[in-house]
*Asks:* 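This is the structure I want to talk about, given as structure tokens.
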Amino acid sequence: MRACQVIMLLSCLILHTFAQAQDNNTGFSTRNYLPPRDTALIRKAMTIASDIETIYPDSAYRIYQQTFKESVDRNFDFGIANSLRGIGNMKTVREDFETAYLFYNKSIEYCTARPSLGFMLPKLYNNIGITYQNLGQYENAIAAYTKALQAKDLFPVSALKKSTVYLNISGPFISLKQYKTANSYLNLAASEAFKQNDYKLYRAVLDNKGSVAGLQKDYMVGKKYFEESITISDRYHLDKTTALINIGIIDYLQNDYDTALVILLNILAETDTTNKNDGISLLKTIKNDRISALKTIGQVYLTEKKYDKAEVYLLQALKESRELHQPEYIAECSGFLANLYKETGDFKKAIQFQDAYMQIKDSLNSIEVSRNVNTLEINYRTVQKDKTLAEQQLTIVMQQNGMKAMALWIVAIGSVLLLLLITLLAVRHTYRNKQVKLNQQLYHQQQAEILLRQQKELELLKATMAGEEKERERIARELHDGIGGMLAATKMKMSMGTTIADQEAQREQVMAMLTATADEVRKTAHNLMPDVLIKNGLENALTIYCDAISSAGNLQLDIDFQGMPYHLSKAAELVIYRITQELIQNVIKHAEATVTAVLIKKLKNKFSVIVEDDGVGFNNDIFHEGLGLQNLRFRVQALQGNIEISSSLGKGTLVHIEFDIEQLQDKIDQ
């Protein structure tokens, strides 16, 4: 029988024994009576759960729930605290980090109130740090890891190794781009791991040091660390996939594409066969390595313009990134695919992947902004927590060592509190000075924003007036030159004296002139609100318009609609119709394009018009917008919309206009 099956059988037997013990104890209370046999059984069950956490998390979770219940029934402090920690571990395995934090924190509260359980605090603070790190709260993760190191000094008997915490704490500093601090902790981790002959952890340190060097673009140093990691892995039969992939990425960054492909394709072949008994954490690492290899192979082929191969690997990387819920990888793959389809002329797909890339990047940027916590507030909270922990440990030592030790701790705590007071006063003084300067900067900034807003409103008003004046001039010209002239001619014709014989011919001529005048009136009305838009709606009207341009043969015009149906008033549809017409006419007049893609899209309450061409383009850095493009920009802004124009010489132009549907309707109805 396999070892994992034996473990599962034992866990089931223990749960059954718990049930029997519960039935046998119904005749008396076990609150203050702890049969050694029962607590030993609980310890055994928790040991089994710990052994199968990463392989059979569901079974481990059920065992921890049962040991928690049994420990509460028997008032078994260690069992309660350890079961809470174990349930937190299972929530972490399932990536439910918010719930994991609650269980870890509850276990910490329980251990802090019971001096005999203090030895569990280092591991619990380390787990809290891992939870914060996975949630992207890097400053809080650093504070938790620091607590773990302090608790380890107070409780040396804890099974947690300092080298593990040093390695863990380097991660948040790397994410915060504080590479010097990260390296200092990695050096401490390497020293501790080497002393303890912990070569698995030492190899992980080397991988992290290589990554730090790579992030600083010191590729030769990074490659040296990864090669040393591979040597350690070969010597002690450890996994070397991560180091190999990073060497392949460095070869790609140094333009050695052939070597990079050989390494990455070999790694990809090895990761195709994984053992489900390796554990969830290891499987996730392997899958991350696969995505990294697939993405880099796609980049290599894209750089070499081998588009078919690049598409295969990038699409597979995107698929596996979505399965693993990795937004950073999804954004990168979407961006590379957008570039690929743009270079191959498939503008419709290029727009779709570019849109997906922008949405994910906006989401990630929002998350990044939320991570920038006020540093002063974090330092203050850390000092307060240090004070609380010191006071709690003072109580423990007084109970263990008596009144003589208490006096020494009072002196120590007094010194710490004095130092904290001085520090807080200094921080407060610095903070107040910064606040005064910040208030001054905010005042000047507000004044500048008011002036800028007034100038912008003036420009919008000028653009609106110019557009309205232009429309009035066009209508007046059509009325005067067309309808007015035809009516004058009709009047003149009717006033001419004629003989009775000529009256019939004159009547026919006048009727013909009146019919022509009616046609001219209909044409003018049509220009104000096109019949095709009234009868067919926006989607069909734009399709007919684009088909008419494409049929002329000078420009291939493809139009696509997404997110329909939508609900717009006729006035709003006319605005979208006119703006789209103006963008297409700009392409015809200026772009010298052969292919143009138009995308009309509705996503939730947003309505977008996207036009991309393969024309001559222009340099965004030196291009000065003409009056027509400026008026278009002001018209969009006057309707509370956003417009983005992206172009480069020889690579075409992309215009993205977006409206909030409710704001657009409100503006038009005003």
Side-chain angles (χ1 to χ4, degrees), residues 203-204 206-211 213-215 217-276 278-279 281-326 328-344 346 349 353 357:
R203 180 212 57 186
L206 292 172
D207 286 341
N208 276 23
K209 288 179 77 68
S211 297
L215 289 168
K217 298 185 178 180
D218 195 348
Y219 300 128
M220 296 307 295
V221 172
K223 198 169 187 178
K224 179 181 176 183
Y225 282 122
F226 291 127
E227 287 171 347
E228 187 179 352
S229 172
I230 291 172
T231 301
I232 295 291
S233 299
D234 288 337
R235 185 180 303 165
Y236 297 100
H237 307 291
L238 303 172
D239 182 71
K240 56 186 177 182
T241 304
T242 301
L244 284 169
I245 286 179
N246 279 291
I247 287 178
I249 293 172
I250 288 175
D251 288 333
Y252 162 70
L253 293 173
Q254 292 182 314
N255 301 323
D256 188 355
Y257 302 137
D258 292 338
T259 305
L261 282 175
V262 169
I263 294 173
L264 295 171
L265 288 170
N266 285 337
I267 289 296
L268 203 58
E270 292 177 5
T271 57
D272 282 335
T273 56
T274 57
N275 184 358
K276 69 178 182 178
D278 286 337
S281 299
L282 182 56
L283 283 175
K284 184 176 180 182
T285 301
I286 293 170
K287 289 178 180 178
N288 276 321
D289 288 339
R290 270 185 59 81
I291 294 170
S292 184
L294 286 165
K295 178 175 65 69
T296 307
I297 292 170
Q299 288 178 259
V300 172
Y301 284 133
L302 181 59
T303 304
E304 294 180 335
K305 300 189 181 302
K306 296 178 180 179
Y307 299 118
D308 291 341
K309 291 184 177 180
E311 183 182 28
V312 171
Y313 284 98
L314 288 173
L315 286 174
Q316 183 63 26
L318 180 61
K319 176 177 177 293
E320 295 189 17
S321 299
R322 286 170 174 166
E323 291 173 354
L324 209 59
H325 307 293
Q326 293 285 14
E328 294 87 356
Y329 282 140
I330 294 172
E332 289 185 54
C333 293
S334 298
F336 291 136
L337 284 166
N339 291 335
L340 185 151
Y341 289 125
K342 185 174 182 180
E343 291 183 18
T344 55
D346 193 342
K349 286 186 178 180
F353 280 103
Y357 169 78

*Asks:* When you measure from the side chain of T303 to the backbone of Q299, do you find a donor-acceptor pair of N or O atoms at a distance under 3.5 Å?
*Replies:* yes
*Asks:* Could you check whether any side-chain heavy atom of I267 comes within less than 4.5 Å of a side-chain heavy atom of D289, counting everything from C-beta outward?
*Replies:* no
*Asks:* Can you establish whether the number of heavy atoms outside Y357 located under 6.0 Å from its atom OH is more than 12?
*Replies:* no
*Asks:* Could you pull out all residues at least two apart from F226 that satisfy ring pair (Phe, Tyr, Trp, His ring centres under 6.0 Å)?
*Replies:* none
*Asks:* Picking from I247, L238, L206, what satisfies side chain to side chain contact (heavy atoms under 4.5 Å, CB included) with I230?
*Replies:* I247
*Asks:* Less than 3.5 Å apart, any donor N or O on the side chain of T259 or D256 sitting next to an acceptor on the other?
*Replies:* yes
*Asks:* Using only heavy-atom distances, determine whether the side chains of Y307 and E343 contain a donor-acceptor pair under 3.5 Å.
*Replies:* yes
*Asks:* Would you please test E323 and K319 for salt bridge (Lys or Arg N to Asp or Glu O under 4.0 Å) and show each step?
*Replies:* CA-CA 6 Å; E323 291 173 354; K319 176 177 177 293; 2.8 Å; yes
*Asks:* Quick one: does S334's side chain have a donor or acceptor within less than 3.5 Å of a partner on I330's backbone?
*Replies:* yes
*Asks:* In terms of side-chain heavy atoms, does T241 have a donor or acceptor partner in D239 at a distance below 3.5 Å?
*Replies:* yes
*Asks:* Any donor-acceptor pair under 3.5 Å linking the side-chain atoms of T242 with those of D207?
*Replies:* no
*Asks:* State which residues pass side chain to side chain contact (heavy atoms under 4.5 Å, CB included) with L337; sequence neighbours excluded, sorted by chain then number.
*Replies:* L314, L315, L318, Y341, F353
